[in-house]
Engineer: 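Have a look at this one before I ask anything.
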Amino acid sequence: MPEGKPYAQVIVDIASANTDRVFTYRVPMGMIVQPGTRVLVPFGRQRLEGVVLSLVQTTDLPQERVRDILEPLEDYPAILPPLVDLAREIARKSHCPLALALRLMIPSQMRSGRVRAKTQTVARLAIDPKHLSAALSANSRSAKRRLLLTLLSDGLAHPVSELRALVRDPMPALRVLEEAGSVTLQEEEVYRSPYQHTEPLGEDPVLTAAQQEVLGEILPAVRSGSGRFLLHGITGSGKTEVYIRAARECLVQGRGVIVLIPEIVLTPQMVSWFRGRFGEVAAVLHSRLSAGERFDEWRRIRSGCARLVIGARSAVFAPVKDLGLIVIDEEHEPSYQSENNPRYDAREVACFRADNERASLLLGSATPSILSFAKAQRGDYMLLEMLSRVNDHQLAAVTLVDMREELRLGNRGMFSGLLVQRLKACLDAGGQAMLFINRRGYAPSVMCRKCGEVLTCSQCDVKMTFHQADRHMHCHYCGQSVLLPTACPACGSAYLRPVGAGTQKVEEEFLKLFPQVPLIRLDSDTTTGKDAHERLLNRFRSGQARVMIGTQMIAKGLDFPQVTLVGVVLADLTLNLPDYRAQERTFQLLTQVAGRAGRAFMPGEVIIQTYKPEHEVIQAAAAQDFRGFFNQEFARRRQLLYPPFTVIARLLCEARQEEQSRAVSRQLQQRIAQKLLKQPLLKRRVLFVREDAAPIKRIMGQYRSQVLLKLLEHRDSEELFAFLNELVQEPWPCKVSLEINPGSLA
Ligand code: ADP
Ligand code: ZN
Ligand code: ZN
């Protein structure tokens, strides 16, 4: 064994600002640690966990100041060297301590030892089966031992827990057999697999011409580990099969694969497709797993048992050794951006890993993000297209319904005459339907008919949503709920009325029209349990439920061949968001939800209800014309100087008192102005610096104000970001955070 180096540079796991310092510890004789090994170290009077960054031969510190590592926490490096690089990169880019970035690389339950590997005792025959009869007669006095020997005669490992189901209290007998050398007993790790029921491996379908063509580009790149692809494939064009073939090629090369999917709702379907083709080699990581399952899947990946990982955003940190390919499905989804500290964008992380580990990158979507498509046009990604559906199924025909016209005709309900008629026809013909509205709850606000008062949350500056089931008002920002008051808090009148509609209202209205039709509702209220979404989706897949009502959860990825009708109850909701991405988001949602219809042999139809049928985004979505939309939106962003032409930086201040937060944001603005005054070159890159209350003035009792900067994309900007980062770290009297191109500007 090579002589270990005597000192280790350790980053200690406390996330306070000054711990980016690396501490030197001695590696006691005989202890083996490597870069990436988690260790327990003395720190002041505490014992803390840390990560070894490197091993060194000497130290300048006086010997008596150097303390010993107490013990390694695992006998392998939990954080692979490329993931240490990645943590450094995230710390640098999102301006957070390295200790915090390193936490992304392991399941949180592993810290402070909250989960442990589960083991079980297994018994095996230790003798040649030829000698079984001799062993049986040697145990002629014990029927139990003979039975055990017979059960073990297949030579396989049998968990004692299973033997217990067949033989009462088998342990003493097994011990006797072990002593006699006929049986071995061993502790083995068991993995708590979240998806037990594995079906036999499925067959490969014959590739379509379009699939063959794009794979013709992808496979050679996967072999050389160099490809950067954006796959624009319309809904139902068969992108998943492309991912599967690319993944297999990568596995054949002996390298690992990460497949990212945006939403938990999609996991069972994607997982069953991948497990159906790769079996146990595929592991699953997402936040709904239990702590034990998560830890076990993580170890299956870390040990190399599982070489393909499917998971949501954070699976981009999976400890896949020799990573060869990262696939990002539905790459346009906002959920790939994490707003938690440390903030990161899984797409950027994937790019970094791909470069750093010489892996290929494959982004796919029917509605690529403006950002990614612009990159593809610039040549950063190779653009691949699949513009027809598998087996030449047609995209569903889309009809726009002008809801203003419905009102004029005296229809005050949520469903237009056409939608009701088509729903009836669809259900009569034995089809299934989906109804989409991007708002959960019953009604987004409650208003007093007499004085116009709108009920708001006591802690947040937002309207409260009414939920019919518990007759409570819920705040979707802080989670607080209160019983619907009987009288208006402002004028005392009894005329409080829910206004507008969410999924629960759609459900109620639908059941008034079609009382006999079984349905499921899919939104974050109905999918809180661990398997709730899987159970609901199964009811729909099996045909037990005929209609699915849901929020953006149902808009993407789901593949239900029996769905022939999709109704968008109100298309305009996202269009009204105060965000420069409102158009992009609306186009994506409408196109994706329209893509759920007519995916198999029955033609599909889509009805989009809107108050703005002439709006160009609604028009582009109705035509399912991505290129047209991209050109129009790209031009608009250039004209109005929005990303990707500019960078938006925000300094957010949060305080109990409104005045305090405003005072801080005003000071921040002044400091920035001073800096820019001194550096005229930098100033030329800055389009504006604006101080104001945030669009949502208060959340959870905290008043929020902001300084918003818009800058031209330029390498000089890095200097400004560094300045802003130092600025927010100063000891301000309230919480201040820096966000670069935040996912939400609320
Ligand atoms: P997308 O993700 O592009 O919307 P999917 O990957 O969900 O499309 O594929 C749509 C449907 O077509 C799925 O039911 C899938 O099983 C089927 N499919 C994909 N490729 C083929 C093929 N080569 N032959 C037959 N069916 C296919
Ligand atoms: Zn009132
Ligand atoms: Zn609230």
Side-chain angles (χ1 to χ4, degrees), residues 202-215 231-246 259 261-262 266 269-270 272-274 276-277 327-331 362 364-368 384-393 395-396 446-465 472-482 485-497 541 555-563 591-601 604 624 696-702 704 746:
E203 303 232 329
D204 285 355
V206 179
L207 294 175
T208 66
Q211 287 169 333
Q212 256 169 26
E213 199 165 313
V214 301
L215 283 165
L231 171 60
H232 170 218
I234 63 167
T235 55
S237 59
K239 293 185 287 296
T240 314
E241 191 60 35
V242 173
Y243 305 151
I244 288 175
R245 300 295 174 102
V259 180
I261 50 179
L266 301 180
Q269 188 165 9
M270 241 344 186
S272 74
W273 277 343
F274 272 84
R277 304 287 276 285
V327 175
I328 305 187
D329 188 28
E330 315 282 356
E331 69 84 26
L362 171 57
S365 175
T367 51
L384 303 171
E385 293 185 297
M386 299 200 296
L387 300 179
S388 55
R389 283 187 154 180
V390 172
N391 296 332
D392 285 326
H393 298 142
L395 278 176
V446 174
M447 198 174 81
C448 170
R449 283 266 161 110
K450 196 152 174 235
C451 74
E453 172 84 0
V454 173
L455 304 185
T456 55
C457 174
S458 65
Q459 296 300 305
C460 312
D461 181 34
V462 294
K463 296 174 200 161
M464 290 189 98
T465 304
H472 271 61
M473 315 273 305
H474 291 248
C475 172
H476 288 178
Y477 281 82
C478 70
Q480 129 164 279
S481 66
V482 293
T486 50
C488 168
C491 75
S493 91
Y495 303 117
L496 290 172
R497 291 281 179 280
R541 183 168 290 115
K556 57 202 129 191
L558 297 173
D559 186 37
F560 292 108
Q562 304 304 318
V563 172
T591 312
Q592 294 282 349
V593 77
R596 300 311 114 210
R599 292 170 71 85
F601 295 94
Q624 306 188 56
I696 298 181
K697 266 167 72 175
R698 194 166 55 121
I699 294 181
M700 291 195 208
Q702 298 284 324
R704 312 162 79 238

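Remember, predicted model here, so these are calculated numbers, not experimental data. Both counts, for ligands and for their atoms, begin at 1 and track the order of listing.
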Engineer: Does H232 reach the side chain of L384, with side-chain heavy atoms less than 4.5 Å apart?
Structural biologist: no
Engineer: Quick check: closest heavy atoms across Y243 and I328, and the distance to 0.1 Å?
Structural biologist: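 Where Y243 meets I328 most closely, the heavy atoms are OH-O, 4.5 Å.
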Engineer: Looking only at side-chain N and O atoms, does T235 offer a donor or acceptor that is under 3.5 Å from a partner on R599?
Structural biologist: no
Engineer: Are F560 and R596 packed together at the side-chain level, in the sense that at least one heavy-atom pair is separated by less than 4.5 angstrom?
Structural biologist: no
Engineer: Under 2.8 Å from the Zn ion (ligand 3) - does any N, O or S atom of H476 fall there?
Structural biologist: no
Engineer: Mind checking whether I696 and C460 have side chains closer than 4.5 Å, heavy atoms only?
Structural biologist: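 Contact flag for I696/C460 side chains = no.
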Engineer: At what distance, to the nearest 0.5 angstrom, does CG of D461 lie from CZ of R704?
Structural biologist: 9.5 Å
Engineer: For ligand 1, find each of its N or O atoms that sits under 3.5 Å from a protein N or O atom, and tabulate the pairs with distances to one decimal place.
Structural biologist:
residue  : atom   : partner : partner atom : Å
ligand 1 : 3 (O)  : S237    : N            : 3.3
ligand 1 : 3 (O)  : S237    : OG           : 3.4
ligand 1 : 3 (O)  : G238    : N            : 3.1
ligand 1 : 3 (O)  : K239    : N            : 3.0
ligand 1 : 3 (O)  : K239    : NZ           : 2.8
ligand 1 : 4 (O)  : G236    : N            : 2.6
ligand 1 : 4 (O)  : R599    : NH2          : 3.2
ligand 1 : 6 (O)  : K239    : N            : 3.4
ligand 1 : 6 (O)  : T240    : N            : 3.1
ligand 1 : 6 (O)  : T240    : OG1          : 2.7
ligand 1 : 7 (O)  : R599    : NH2          : 3.0
ligand 1 : 8 (O)  : G238    : N            : 3.2
ligand 1 : 14 (O) : D559    : OD2          : 2.5
ligand 1 : 20 (N) : Q211    : NE2          : 2.9
ligand 1 : 23 (N) : V206    : O            : 2.7
ligand 1 : 23 (N) : Q211    : OE1          : 2.9

Engineer: Any salt bridge between R277 and E241, counting N to O under 4.0 Å?
Structural biologist: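 Answer for the salt bridge query: yes.
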Engineer: Taking the Zn ion (ligand 2) as the vertex, how big is the angle to SG in C488 and SG in C448, rounded to 10°?
Structural biologist: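 With the Zn ion (ligand 2) as the vertex, SG (C488) and SG (C448) sit 110° apart.
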Engineer: Given SG of C478 on one side and SG of C475 on the other, what angle do they make at the Zn ion (ligand 3), to 10°?
Structural biologist: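 Once rounded, the angle between the two atoms at the Zn ion (ligand 3) is 110°.
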